[in-house]
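Data block below; observations after.
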Amino acid sequence: MDFISTFTLLVLSSVILSWIWLNKKFNYWKERGVATLPHSSIFGNIKQSIFVQKPISEIVTSIYQSFKSQGAKHGGIYFMWYPIYVAIDVEVIKSIMQVDFQHFVDRGMYYDEKNNPLSAHLFSLAGKKWKLLRHKLTPTFTSGKMKMMFDTLVDCTVGLFKVLDNELDKAVDIKDVLGRFTTDIIGSCAFGIDCNSLENPDNEFKDKTKQLFHRSNFLSFKIALSIVAPKLSRALKIKYISDDVNDFFIRIVEENVAYREKNNIFRKDFMHLLIQLKNRGQLVDDETVSVENISEEENRITLQEIAAQAFIFFEAGFETSATTMTFCLYELSKNKSIQEKLRGEIKKVLAKHDNKLTYDATMDMDYLERIIHETLRKYPPVIRLIRICTEEYKKPESNLIIEKGVRVMIPVYAIHHDPEYYPNPETFDPDRFSEDVKKTRPAFSFLPFGEGPRACIGARFGMMQTKVGLIALLLNYEFSVNEKTEEPLQYDPHSFTLSTKGVLWLNLRRIREKL
Ligand code: HEM
């Protein structure tokens, strides 16, 4: 046989073998009697996600609705040829997130403690490491600790007014301003530094964090590789967080910790609590920072672990809260009577608390809470939740076995827009969250912070900073939509979290009240 014939034979055999292999892979759900959807022959059901062609919210909704219209309680899709189990029914979701949690402990995220220390944070860690760390970090988020940090949040509103008072006659890019506000809050509470991004938007902190939320095609490819070939990703030392960002955050944490330890500086923030975990292995109700009386090695967290946790507090907390406030102000601009009613509640409750914005006054604002919940219902920043099967799972009352290593998707955005749970889902109606109406919905139909042992650890802090921002803004300004805002709103396919494609422009009018 000449060279050309041998070559042609080899290519043909490889094509046939690949076709057989792919066919076998794409039969995974059919063999198990689980409903599937039409898919592309290589990219499976999420081609538009891998190539960043459509917003994730749209892709997730279309998958959910297709299964739901077949009457399916669950379904199977493919991430390329990799099987993903999709939970549709709220009872199935409850089993995975809570009742049978021990089978679905992790998110199956790629991290590399050695080469990319910042990636080994609470969100990505797996198994025992996650459990231990979660146990240690949980006390840093109690209501007592939130109360302790409350004044820092109120202090950051001063910068917010300075910026907005200069924008009164212009359309305001509200998401940008609120992103700077939450950056200053979390920069201060998690890293103990004054980022000052409200007054100086071009500072180094803002610059280094800008890239974290952009889903470029290359990053999307790296994520896909880590799912279909985790060992290869590890061998190639793939990084989601660039060395530049990694080194920046490690450096500021090292400097900050060293400074506080040397000068015994106490601040009411997460960094102080993390330093306690580093030096003493537990939280202690005192202001000591120094490294005397070091406890047993095994209970303590390392400096790099501190940096990774401060980093995830920032990454998970800044964008989510800024987005929530942005969508909330947008809805209040469209629904003037709700805006007025809320402003009325804020004034009334503050009057009861000596006109002081305190933690207790904030917690007393019931209508505000309902409005934020309705915002998180209509615009959940985290569009879908992911778990990975960590221990083979036999689904109760069925023959289905979910194998170890199979990923599970919970389509939060689609559930929040399902008319079965939320009639007229596009209508913004805070009364959906009155006690009476809440009782009519099944559990696990409202998942903005996730659920079960792996739910958001920072939900209290996220709610608190969203409330402080909204109270301060509504007392001082009246909001309306500027004509430059493109409506209906479109979502950005390049964003990991739910975010508008174009800028959301609002008009502000100063009203008399000041804090
Ligand atoms: C409105 C604000 C926020 C929203 C909507 C939000 C939402 C979420 C969601 C949906 C999850 C995944 C839960 C699951 O898989 O079941 C999560 C996890 C997490 N969030 Fe938040 N979050 C917010 C604010 C914050 C803040 C302020 C912090 C930190 C200061 C934070 C830190 C975390 C961490 C560390 C995890 C991982 C928890 C674990 O795996 O044990 N989040 N968040």
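Both counts, for ligands and for their atoms, begin at 1 and track the order of listing. Quick note: numbers below take in every heavy atom, side chains included, and nothing from hydrogens, waters or symmetry partners. Since the structure is predicted, the reported quantities are computational estimates derived from the model, not experimental observations.
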Margin query: Test of understanding: given a 4.0 Å heavy-atom threshold, classify the contact between L385 and ligand 1 as side chain, backbone, both, or neither.
Written below: side chain
Notebook entry, point to check: Tell me, which protein residue and heavy-atom name are nearest atom 12 (C) of ligand 1, and how many Å apart are they?
Noted result: R107 NH2, 3.5 Å
Checklist line | Shortest non-hydrogen contact between A87 and I93, atoms and distance | finding: CB-CG1, 3.7 Å
Notebook entry, point to check: Which residues satisfy the side-chain contact (heavy atoms from CB on, under 4.5 Å) test with A443, sequence neighbours excluded?
Noted result: none
Note to self: List ligand 1 atoms under 4.0 Å from E451, heavy atoms only on the residue side.
What the structure shows: 16 (O)
Notebook entry, point to check: Which atoms from ligand 1 have a heavy atom of F461 less than 4.0 Å away?
Noted result: 27 (C)
Margin query: When you measure from the heavy atoms of M97 to every atom of ligand 1, does any distance fall below 4.0 Å?
Written below: yes
Checklist line | Numbered atoms of ligand 1 (with element) below 4.0 Å of T324, judged on heavy atoms | finding: 1 (C)
Notebook entry, point to check: Listing residue and atom name, which protein N/O/S atoms are closer to atom 21 (Fe) of ligand 1 than 2.8 Å?
Noted result: C456 SG
Item checked: Nearest neighbour in protein (non-hydrogen) for atom 10 (C) of ligand 1 -> P448 O, 3.2 Å
I'd like a table of donor-acceptor pairs (distance under 3.5 Å, sequence neighbours excluded) in which one partner is a side-chain atom from residues 360-367, with atom names and distances.
residue, atom, partner, partner atom, Å
T362, OG1, T358, O, 2.8
D364, OD2, H353, NE2, 2.9
D366, OD2, R370, NH2, 3.2

Next item on the list: Tell me which part of R454 gets within contact of ligand 1: side chain, backbone, both or neither, using heavy atoms under 4.0 Å.
Entry: both
Check: Can you tell me the protein heavy atom closest to atom 38 (C) of ligand 1 and the distance?
Finding: R134 NH1, 3.4 Å
Check: Of the protein's non-hydrogen atoms, which lies at the shortest distance from atom 36 (C) of ligand 1, and what is that distance?
Finding: F123 CD1, 3.6 Å
Check: Within 45° of the ring axis of F446 and under 6.0 Å from its six-membered ring centre, is that where the NZ or CZ of R441 lies?
Finding: no
Checklist line | Heavy-atom check, side chain of F327 versus side chain of T500, under 4.5 Å | finding: yes
Item checked: Beyond-backbone contact of L329 with L178, side-chain heavy atoms, under 4.5 angstrom -> yes
Margin query: Can you see whether Y421 has R432 sitting over its ring - NZ or CZ less than 6.0 Å from the centre and within 45° of the normal?
Written below: no
Margin query: My understanding is that we take every heavy atom of each candidate and find the minimum distance to atom 16 (O) of ligand 1. Doing that for R387, K131, R384, which one comes out nearest?
Written below: R387
Margin query: With heavy-atom distances below 4.5 Å as the criterion, would you say the side chains of M325 and I174 are in contact?
Written below: no
Note to self: For F141 together with F270, are the ring centres under 6.0 Å from each other?
What the structure shows: yes
Checklist line | Residue-ligand contact F314/ligand 1, heavy atom below 4.0 Å | finding: no
Check: Applying salt bridge (Lys or Arg N to Asp or Glu O under 4.0 Å), which residue pairs with at least one partner in residues 101-110 are found, sequence neighbours left out?
Finding: D106-R454
Margin query: I'd like to know whether ligand 1 has M463 as a neighbour, heavy-atom separation below 4.0 Å.
Written below: no
Check: Heavy-atom distance under 4.5 Å between the side chains of H74 and K395, does that happen here?
Finding: yes
Item checked: Any donor-acceptor pair under 3.5 Å from Q339 side chain to L332 backbone -> yes
